Engineer: 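Supplied in structure tokens, the structure appears directly below.
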Amino acid sequence: MLTKKQTLEAIDEMAYLFPDAECELVHSNPFELLIAVVLSAQCTDALVNKVTPGLFAKYKSPTDYLMVPQEELEQDIRRIGLFRSKAKNIQKLCRSLIDDFQGEVPKERDELVKLAGVGRKTANVVTSVAFGVPAIAVDTHVERVSKRLGICRWKDNVREVEETLMKKIPEERWSDTHHQLIFFGRYHCKAQSPQCPECPLLSMCREGKKRMKGKL
DNA sequence: AACTCGGGGCA
DNA sequence: TGCCCAGAGTT
């Protein structure tokens with residue numbers, strides 16, 4: 001297991017590799033971000049960014065999403081995987097925004113997770129990116145990188161990964177760390193083909209050293 | 001804890 | 001063209 005100090009060194013190294021790491025979902029307000037993050041479940045941000053310009057031009061408010069039949073919304077996001085359940089969830093989500101939150105996106109993580117289609121990861125992204133509340137959203141990239149490097153344990157569940165990261169990283173760096181881990185995971189420490197031979201973190205990486213030994 | 005939902009992108 | 005990608009809800 002990496003110590004706090006080693007963990008921070010690893011994050012600093014990632015920041016050097018990806019100095020511009022930030023949320024890639026195109027949005028211009030919290031509501032658009034919420035919709036974009038819900039859509040991004042189980043598909044890439046790049047794909048979401050292909051449908052959201054048209055989507056956000058057509059739907060400006062929670063009310064707008066409720067004025068069309070579910071089938072029409074499904075067609076509007078049909079290029080995204082799981083589009084049927086996502087269309088249904090988005091309409092449920094908008095209904096609940098109107099009924100319970102005066103049409104505004106709630107700022108509390110505990111309120112956000114009650115919305116349809118919003119889980120722990122989505123709620124953390126919205127609070128940190130839209131409202132600047134420190135949070136570490138654990139998606140598959142964050143989880144994979146944390147486990148490979150040895151920041152957390154292999155058998156940790158998502159919640160345990162998040163708790164370990166929050167323990168090892170000072171709060172003011174949570175949001176940045178989240179983006180660093182995602183970029184590092186997406187573009188360098190990839191699921192199928194991690195770039196170990198050219199990785200500056202190799203010397204401190206549990207999994208990387210194993211992989212290199214297997215190849216040499 | 002395991003299963004389901006699903007089209008896009010790349011090898 | 002088949003395999004890999006990537007979370008939330010349900011059982």
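Per chain, numbering begins at 1; letters A, B, ... match sequence-line order. What you are looking at is a predicted structure, and each value in this text was computed from that prediction instead of being measured. What's counted below: heavy atoms across the whole structure, side chains too, no hydrogens, waters or symmetry copies.
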Engineer: Is there a side-chain contact between A:Thr44 and the phosphate of C:dA6, meaning an N or O under 4.0 Å from OP1 or OP2?
Structural biologist: no

Engineer: Tell me which nucleotide among C:dG7, B:dG9, C:dC5 gets nearest to the side chain of A:Lys50.
Structural biologist: B:dG9

Engineer: Round to a whole Å and report the spacing from CG of A:Asp139 to C1' of C:dC5.
Structural biologist: 12 Å

Engineer: From the list C:dA8, C:dC4, C:dG7, which nucleotide is the closest neighbour of the side chain of A:Gln192?
Structural biologist: C:dC4

Engineer: Tell me which nucleotide among C:dC5, B:dC5, C:dA6 gets nearest to the side chain of A:Arg144.
Structural biologist: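 Nearest to the side chain of A:Arg144 among the choices is C:dA6.
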
Engineer: Round to the nearest Å and state the distance from A:Phe183 atom CZ to C:dA6 atom P.
Structural biologist: 14 Å

Engineer: Give a yes/no on whether any side-chain N or O of A:Ser85 is located under 4.0 angstrom from OP1 or OP2 of C:dG9.
Structural biologist: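 So the side-chain polar atoms of A:Ser85 never come under 4.0 Å of the phosphate oxygens OP1 or OP2 of C:dG9.
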
Engineer: Between atom CD1 in A:Ile77 and atom P in B:dC5, what is the gap in whole Å?
Structural biologist: 17 Å

Engineer: Whole-Å distance between C:dG7 P and A:Phe83 CZ?
Structural biologist: 19 Å

Engineer: Mind calculating the distance between CZ (A:Arg79) and P (C:dC5) to the nearest angstrom?
Structural biologist: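 So the two atoms are 21 Å apart, to the nearest Å.
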
Engineer: Take atom P in B:dG6 and the same atom in C:dT11, then report the distance between them in whole Å.
Structural biologist: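 It works out to 15 Å between them.
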
Engineer: Atom CZ of A:Arg186 to atom P of B:dG9: distance rounded to whole Å?
Structural biologist: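 Whole-Å distance recorded here is 14 Å.
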
Engineer: Could you work out the separation of B:dA11 and C:dA6 based on their P atoms and round it to a whole Å?
Structural biologist: 14 Å

Engineer: Just the rounded figure in Å: distance from P of C:dA6 to CD of A:Glu143.
Structural biologist: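 For the pair A:Glu143 CD and C:dA6 P, the rounded distance is 11 Å.
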
Engineer: Taking only side-chain nitrogens and oxygens of A:Arg78, does any of them come within less than 4.0 Å of OP1 or OP2 of B:dG7?
Structural biologist: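 Answer is no, no contact under 4.0 Å.
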
Engineer: Between A:Ala191 and A:Ala116, which residue's closest nucleotide on DNA chain C lies nearer the 5′ terminus?
Structural biologist: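 On the 5' side of the pair lies A:Ala191.
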
Engineer: Would you mind reading off the distance between A:Lys114 atom NZ and C:dA8 atom P, rounded to a whole angstrom?
Structural biologist: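 Spelled out: NZ on A:Lys114 to P on C:dA8 is 17 Å.
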
Engineer: Is any side-chain nitrogen or oxygen of A:Gln42 closer than 4.0 Å to OP1 or OP2 of B:dC5?
Structural biologist: no

